[in-house]
Participant: 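I'd like to ask some things about the structure below.
Remember, predicted model here, so these are calculated numbers, not experimental data.
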Amino acid sequence: ILTSWKPPLPAPGQGGEAPGSEGRRSDTPIFDLATLLAQVDAPQYGLVFGAVTRLVGDLQGLSVLELGAERGKIVQALRQQGVNAQGVELYPWLIEEARRQSVPIVQGTLVTVPDALRGQTFHLTFSNLLLDALQTTEEAPDGTSLFRTLVGTERLKILETIATLTVPEGWSIHLTQ
């Protein structure tokens, strides 16, 4: 299931356009989907970026945040095509791998806005199966980190965080099972 959400836009010329979006043609994306998918071994992203191409169009001048960015392959591929992209990931070992490749990934559970992203918003937030596998970390008595699947209202907090990170006139696109 591919879910996307976008609040209604005001009529053209009445404000609400994303910065840098004036005069953009939505049928000419700056990134080439085939090239992007060839750069990463993640064919399931075809559905996500097919929706991005149809719904959002040109990403030039827009800020993009991948939620559950893992090693940052998609973020890196977007950045190589000139898109202002970064990511959020829970697992420290995946973040370290991304940082070794100079991919901007921050750590966070999305139960709240990660400290490194406070005050920032993005024109596009997206994820691939993240909403199906939401987890948080808790400290065990021995000081190690435990991962626990979120339930009920905890999941709603994630959606609130995603909404906080997405500009009001922006897009939030998520592939779920």
Participant: Partners of R71 by salt bridge (Lys or Arg N to Asp or Glu O under 4.0 Å), sequence neighbours excluded?
Facilitator: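 Here the qualifying residues are E97.
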
Participant: Show your reasoning for whether side chain to side chain contact (heavy atoms under 4.5 Å, CB included) applies to L65 and L165.
Facilitator: CA-CA 9 Å; L65 181 66; L165 289 166; 3.9 Å; yes

Participant: Roughly how far, to the nearest 0.5 Å, is the CD atom of E89 from the CZ atom of R99?
Facilitator: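 Going from CZ on R99 over to CD on E89, the span is 11.0 Å.
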
Participant: With the 4.5 Å side-chain cut-off for hydrophobic clustering, are V106 and V113 part of the same group?
Facilitator: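 Cluster IDs for V106 and V113 match.
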
Participant: Any non-hydrogen side-chain atom of R79 less than 4.5 Å from a side-chain atom of P104?
Facilitator: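 R79 reaches P104 side chain to side chain.
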
Participant: Taking the side chain as every heavy atom from C-beta outward, state whether T109 and V88 have any atom pair closer than 4.5 Å.
Facilitator: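 No - every pair of side-chain heavy atoms lies 4.5 Å or more apart.
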
Participant: Rounded to the nearest 0.5 Å, what separates atom NZ in K73 from atom CD in E66?
Facilitator: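 Output value for this atom pair is 10.5 Å.
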
Participant: Applying a strict under-4.5 Å side-chain criterion to I, L, V, M, F, W and Y, I'd like to know whether W171 and L78 cluster together.
Facilitator: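 The answer is yes; both residues are in one hydrophobic cluster.
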
Participant: If I take atom OG1 from residue T164 and atom NZ from residue K157, how far apart are they, to the nearest 0.5 angstrom?
Facilitator: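 It comes to 9.0 Å.
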
Participant: Taking all heavy atoms of V111 and all of I158, pick out the closest pair and write down the distance.
Facilitator: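 Looks like N-CD1, 3.5 Å.
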
Participant: When rounded to the nearest 0.5 angstrom, what is the spacing between CG in L124 and CG in N84?
Facilitator: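 Atom-to-atom, L124:CG and N84:CG are 11.5 Å apart.
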
Participant: Hey, what do you get for CD1 (I162) to OG (S127), rounding to the nearest 0.5 Å?
Facilitator: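 I162 atom CD1 to S127 atom OG measures 6.0 Å (nearest 0.5 Å).
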
Participant: Taking atom CG of L90 and atom CG of L110, what is their separation to the nearest 0.5 Å?
Facilitator: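 Between L90 CG and L110 CG, I get 8.5 Å after rounding to 0.5 Å.
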
Participant: Of all heavy-atom pairs between I105 and A69, which one has the smallest distance, and what is that distance?
Facilitator: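 Result for this residue pair: CD1-CB, 3.6 Å.
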
Participant: Checking side chain to side chain contact (heavy atoms under 4.5 Å, CB included) for the pair V64/H123: CA distance, chi angles, key distance, verdict?
Facilitator: CA-CA 6 Å; V64 175; H123 297 98; over 6 Å; no

Participant: Side-chain contact, heavy-atom cut-off 4.5 Å: I173 with T125?
Facilitator: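 In short, these two side chains do not touch, never coming nearer than 4.5 Å.
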
Participant: Restricting to salt bridge (Lys or Arg N to Asp or Glu O under 4.0 Å), what partner residues turn up for D115, sequence neighbours left out?
Facilitator: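 R118.
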
Participant: Taking C-beta and beyond as the side chain, do Q107 and P114 meet within less than 4.5 Å on heavy atoms?
Facilitator: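 They are not in side-chain contact.
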
Participant: On a heavy-atom basis, which atom in V103 and which in G72 lie closest, and how many Å separate them?
Facilitator: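 Between these two residues, the closest heavy atoms are CG1-O, 3.7 Å.
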
Participant: In this structure, would V75 and F122 fall into the same cluster of hydrophobic residues linked by side-chain contacts under 4.5 Å?
Facilitator: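 No, no single cluster joins them.
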
